[in-house]
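Just below is one structure, and these are the notes that go with it.
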Amino acid sequence: MVGIKQLQDENLLAKSKQSKLPQFLEAGIKVPLYRFGNQSLIDHESFGELSCISEDGDSILDTLLLAQWEDRVMKGIFRYDVTASEIKAVEGRKKFLAQLNEGWNLGHFPKPGENQTIYQEDVFPFNSVKQHDELLFCVASSEQTKPVLISSAVVPDNAFLIFINASPVEYGHVLLVPYLNNSFYQLLDVNILEMAVRVAVEINNCCFRLFYDFSPDASHLHFQACYFPNPLAVELMPVDTIFGDLQSWMHISVVTDYPIKTLLLESSHKFKIMMEVLVNICSCLQDLSISYSLLISDCGKKIFLFLQKSKDSSFLSAWECGGYFLYKSRSEFGECTEKTMLKQLSSVSIDDDGFKAVKLLCCSIASKFGF
């Protein structure tokens, strides 16, 4: 099992590979700052009682994100109006969703192959972010008991920067970029994953999903997030528990009857321990050259782990793995079927033997944390 200190040491070595900071960050621009309270939110058992929820029942962080995102809509910063995109439920048992988005590939590269859904690997070079308006706000920890929202502050060290995605895939599409020791991070560690999940917890909106795609060639680490009004196909699938029982704090399950091999990690309240388990799993997958994507849903309570073949082959984004496909032409959008989507997902999935080995690995790692 990979040690936490080893992961931290690897992160220090990785800093030499970080992207150059945008000039507006170096100039000390001020943006809204949301500071988490120092209460152990990740280990909290009753989400409804958290102080990040205002007296009227709304999440402060959710309100901030949507208000800032709508402000950028009014300023015309986005390349298109994503709310005008046509979306359809694909006929079939899996409840796949398809979106026609002719503007999505602006500045990006289409995926090679017959099915021209949009391929996205490392399309966010942050040194090309020229307008500081693309930075909505940042989130960071604090020593105060309750969270606090500061209307204008210099970006602190050890923060998450929340950028818009100028080519959004859905409403509220943002990028979450770890900003530590005056640089952008490259490797996933426990602190970064916990911070990302904490954002999902404090957003406290079941429509909000977080995504992470592992790319060994990326110049920086980032998550993506957006609001999906309807469940993704993978969230509707039955599961078969392979680790944990009724008394366990965490469960690992196999998503059954789904074309891409997928595991589901769930925790009732011991989220921080689950983060350590997942980071160790991800580190081992990287060592084994197994590509993967993460989908964080249900306000941080569920994390889907999609297992794909080597990056030498085609690679699907986390939302595609979850069953949400984008098409750049009306003809492709009109011709898409459940059969073609099943084939596409199956084609990138690891094989049965590989999946069996990954399941054993995950259970072995989890057992070492005392579950």
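Sequence positions, counted from 1, serve as the residue numbers for this chain.
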Around atom [atom1] of [X], are there more than 12 heavy atoms from other residues, nucleotides or ligands closer than 6.0 Å?
X	atom1	result
K339	NZ	no
K88	NZ	yes
K95	NZ	no

For this session: Tell me, please, which residues at least two apart from E235 pass salt bridge (Lys or Arg N to Asp or Glu O under 4.0 Å).
Result: R209
Problem set entry | All side chain to side chain contact (heavy atoms under 4.5 Å, CB included) counterparts of D81, not counting sequence neighbours |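 Only T83, A84 meet the side chain to side chain contact (heavy atoms under 4.5 Å, CB included) criterion with D81.
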For this session: For T63, enumerate each residue passing the side chain to side chain contact (heavy atoms under 4.5 Å, CB included) test, keeping only those at least two apart in sequence or located in another chain.
Result: D58
For this session: For the pair Y34 and F36, name the ring-plane relationship: parallel under 30°, tilted 30 to 60°, perpendicular over 60°.
Result: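 Y34 vs F36 ring planes: perpendicular.
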Problem set entry | Closest heavy-atom pair and its distance - L265, M250 |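 Looking at all heavy atoms of both residues, the shortest contact is CD2-SD, 4.5 Å.
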Exercise. At their closest point, which heavy atom of F223 faces which heavy atom of L210, and how far apart are they?
Worked result: CB-CD2, 4.2 Å
For this session: Before giving the answer on ring pair (Phe, Tyr, Trp, His ring centres under 6.0 Å), spell out for Y179 and F160 the whole-Å C-alpha distance, their side-chain angles and the decisive distance to 0.1 Å.
Result: CA-CA 6 Å; Y179 174 67; F160 257 42; over 10 Å; no
Exercise. Do K261 and D351 meet the salt-bridge criterion of a basic N to acidic O distance under 4.0 Å?
Worked result: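 Between K261 and D351 there is no salt bridge, as every charged N stays at least 4.0 Å from the carboxylate O atoms.
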Exercise. Less than 4.0 Å between a side-chain N and a carboxylate O, is that true for E86 and R330?
Worked result: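 Counted as a salt bridge, because a side-chain N and a carboxylate O are separated by less than 4.0 Å.
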For this session: Report yes if the side chains of V31 and C138 come closer than 4.5 Å at any heavy-atom pair, otherwise no.
Result: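 Yes, close enough: below the 4.5 Å cut-off.
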Exercise. Looking at F137 versus W69, is the centre-to-centre ring distance below 6.0 Å?
Worked result: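 That pair fails the under 6.0 Å test.
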For this session: Step through it carefully: locate the ring centre of W319, locate the ring centre of F325, and say whether they are under 6.0 Å apart.
Result: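 Distance test on ring centres: not under 6.0 Å, no.
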